[in-house]
Structure formats: C-alpha cells, structure tokens
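Note that the structure is predicted; figures quoted are calculated from it, not measured.
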Amino acid sequence: MNNIQDSNFSLPGEVLIPQAPPGFKSGFIGIIGRPNVGKSTLMNQLVGQKIAITSPVAQTTRNRLRGILTTPEAQLIFVDTPGIHKPHHQLGEVLVTNAKIAIDSVDVLLFVVDGSTACGGGDRYIASLLERTTTPIILGINKIDSQPESQLIDESYLELAKFGEWQTARFSAKTSDGLLELQNLLIENLEPGPYYYPPDLVTDQPERFIMGELIREQILLLTREEVPHSVAISIDLVEETPAITRVLATINVERDSQKGILIGKGGAMLKTVGSAAREQIQKLIAGKVYLELFVRVQAKWRHSRIRLAELGYRVEK
C-alpha cells in the first residue's frame, strides 16, 4: 500500500502534510480478533487518546476506526475492526464482512488474542481465514496482567503462531506493559513510506462520529437486557459558539420496550446516559457541551440494508 512517494501534499481543507524524512516508515495495521479481546483498548493506548469506545459487551466496535500514531521514525495507522463472530442479522453480516476485508487491505496484521484464557475455536477460525494472506502477521497475546501462573495458555497460542510462522508479542493493553516492544515490532514490519496524515492527527474520523460513539458507549455501560446491541446513534445537529457546543442526537432502537428501558422511570436513565456522555464529549472537544437526547423506534433496523445505510453501516471498500 505504500505507493505514495510525493513531497508535500494537501488534504481537503488545505491541511499540509510534510514530506517524510529519509528512512521514514509508514503503513496501515489491521487489528483483528474475536470480540472482547481488547482491540479497542489497545488502539486507544497506542495512540495515547480515547478514540474507540470500550465496554464489557461483546461486539462493541461496529466501524473500521482508524487511529494514528506518529513517531520520529514512523507513522502507524491502526485499523480497529469489529470482532469476528458468527453473524445473526444483517448488521452482523456487514460487521464481519468489513473485518474480513481488512485482512487483505492493510500492510501488517495484528491478530489479538485473550492471553487470560487458552486458545479456542474462535481463534482457530480466524487463523484459518489468514492462511491464504501474504500480509505479515503478528500474534498479539493481550491481557498478560490477568494471566494465570501456568504457561499452558501461552503455549496454546505459540502453537498457533508456529503453524502460521507468525511473530509474537505479549502485552497488556490495560497496564501498557509490553506496548513499546509491540510498537517497535510493528515498525520493523513496515516499509519506507510517506506521512499519510498530519503528524498531530490521532484519528481520521470526524468529531460527529466520535460523539455518537461516546453516547453509545454509555448505553453499553449503563443498560442491560437486549438494549445495547439494538442501539444506533445519529447526530442530528452540532452548533458551536465561543461559550458552548450544542449537540442534538437521536438514539435509535428496535422496540417500544427498549425505548422504555432507555428513557427509564421519569426519564432517569436517559438523564444518566446524557450526563455521562456529555462529560466524555467535553473531554473530546475541550469545552462546555449541551447535549440533548431523543429516543426513536426503528423496527428491525439491524435487519434492513436501507436502515443500516441510513445509520452509517455499509460494507466498506
């Protein structure tokens, strides 16, 4: 993918991207793995800022989100993908398809596994998807801070890496142990290339997208039952003034019962979600925020290609 060797060039909006120094490396790194192995937490730690939402709920990540880390030696563009799983509806099909597309559209693959448990069928399934790719693969054993004393867990993954002749790295995205070594290993596998993005950029996603994800994160953390997976956020309005930023957003759900849970008795749940999300958005834009949330029922939106497209879920090219 590193085929841009121009000197200075500009992005839309006249953002100047400097010429890379001699020996500079760059490339796209796909982060893949089962749901809930810590991919988003890892990317947040590597870029040094929260750009991807996290929660204990599986399949939190829905979009291929790019995080950008620029060092004096290299620019690493991390592509965080949805967890690869067996899909149960049209949304699941789109998510898994996008994750699979990433396998052959990046320069390096970081296959993240949960080092606190032994290698399982889901890991072996992903390994089988990687058999035909020529992309360099690094097996990242995450959660070593939660790993039992036994070496059997590591050995189960090392056998997987040996079969694919992959390099390995052990780390904890939670505590940052081993992340510098992982970063250096990733840079070693990149080829010389240009700056793809300005050096001070940490994501290519617009603020509106991040705002919607921060709202959805609070719903994942604060609600249970069937609500988390049935939610999609649309940002309807962002008005900025020197004193405050006004944000209007709609929470889309599939059933009236889910709407009732999200609003809560006397509007208590919606108020809690809004307050927590507002605090996170204020950190994002470094200013005061007024956030107003609405809840709308869109029946079976996860099963409709038209509704999915309207809400921003498409198969990525």
Side-chain angles (χ1 to χ4, degrees), residues 31 33-67 78-83 85 91-92 94-95 98-99 112 142 173-174 202-236 238 245 247-254 258-259 261-264 267-296 301-302 308 311-313:
I31 306 177
R34 292 185 293 104
N36 241 17
V37 294
K39 300 184 296 295
S40 297
T41 301
L42 173 63
M43 187 171 71
N44 287 340
Q45 288 280 35
L46 287 168
V47 303
Q49 186 173 325
K50 182 175 182 176
I51 59 171
I53 67 171
T54 61
S55 86
V57 178
Q59 302 163 37
T60 297
T61 300
R62 287 182 177 172
N63 298 76
R64 274 165 54 189
L65 176 64
R66 288 176 178 171
F78 297 100
V79 183
D80 185 20
T81 62
H85 62 285
L91 174 61
V94 171
L95 300 186
N98 285 340
V112 180
N142 189 21
K174 182 179 179 180
V202 295
T203 182
D204 65 347
Q205 291 287 353
E207 279 188 351
R208 279 179 174 240
F209 172 83
I210 304 295
M211 287 176 181
E213 287 291 88
L214 292 174
I215 295 167
R216 189 165 68 89
E217 178 181 45
Q218 295 308 315
I219 296 169
L220 290 170
L221 294 172
L222 293 168
T223 63
R224 294 293 183 268
E225 302 178 31
E226 79 278 18
V227 174
H229 293 305
S230 303
V231 165
I233 311 298
S234 53
I235 302 297
D236 305 315
V238 177
T245 297
V247 181
L248 303 184
T250 299
I251 303 170
N252 297 276
V253 295
E254 292 187 312
Q258 296 163 349
K259 180 178 179 179
I261 293 171
L262 265 174
I263 293 175
M269 176 57 75
L270 195 61
K271 183 178 179 180
T272 301
V273 169
S275 178
R278 179 177 52 80
E279 290 184 12
Q280 294 299 317
I281 294 172
Q282 286 181 161
K283 294 176 184 177
L284 172 71
I285 68 171
K288 289 187 177 181
V289 170
Y290 168 80
L291 174 63
E292 189 169 357
L293 299 177
F294 305 90
V295 184
R296 178 176 60 185
W301 69 262
R302 289 181 296 172
L308 287 170
L311 294 168
Y313 299 112

Hey, does L262 have a side-chain heavy atom less than 4.5 Å from the side chain of V231? yes
All side chain to side chain contact (heavy atoms under 4.5 Å, CB included) counterparts of K174, not counting sequence neighbours: D145, S172
Sorted by chain and number, sequence neighbours left out, side chain to side chain contact (heavy atoms under 4.5 Å, CB included) with K288 holds for I244, Q282
So CZ of R278 and NZ of K271: to nearest 0.5 Å the spacing works out to 10.5 Å
Heavy-atom closest pair (Q258 atom, E254 atom, distance to 0.1 Å) is OE1-N, 2.8 Å
Backbone of R66 reached by a side-chain donor or acceptor of T203 within 3.5 Å: yes
Are Q280 and K50 packed together at the side-chain level, in the sense that at least one heavy-atom pair is separated by less than 4.5 angstrom? yes
Could you state the interatomic distance from CD (E279) to CG (L291), rounded to the nearest 0.5 Å? 11.5 Å
Contacts of T272 meeting side chain to side chain contact (heavy atoms under 4.5 Å, CB included) (sequence neighbours excluded), chain-then-number -> L222
I'd like to know if the side chain of Q45 reaches the main chain of A173, judged simply by a donor and an acceptor atom lying under 3.5 Å from each other, with no hydrogens or angles considered. yes
Using only atom types and a distance under 3.5 Å, with no angle test, would you say the side chain of N252 pairs donor to acceptor with the backbone of I233? no
Heavy-atom closest contact (I210 atom, I51 atom, distance): CD1-O, 3.5 Å
I'd like to check the side chain to side chain donor-acceptor pair (under 3.5 Å) partners of T245; sequence neighbours left out, ordered by chain and number. none
Contact summary for R296 and S234, nearest pair of heavy atoms: NH2-OG, 4.3 Å
Within-4.5 Å side-chain heavy-atom neighbours: V37 and N142: no
Indicate the atoms forming the closest heavy-atom contact of M43 with I31, along with that distance. CB-CD1, 4.1 Å
So, using side chain to side chain contact (heavy atoms under 4.5 Å, CB included) as the criterion, who are the partners of L270 when residues are at least two apart? I251, L293, V295
According to side chain to side chain donor-acceptor pair (under 3.5 Å), who are the partners of E292, at least two apart in sequence or on a separate chain? Y290
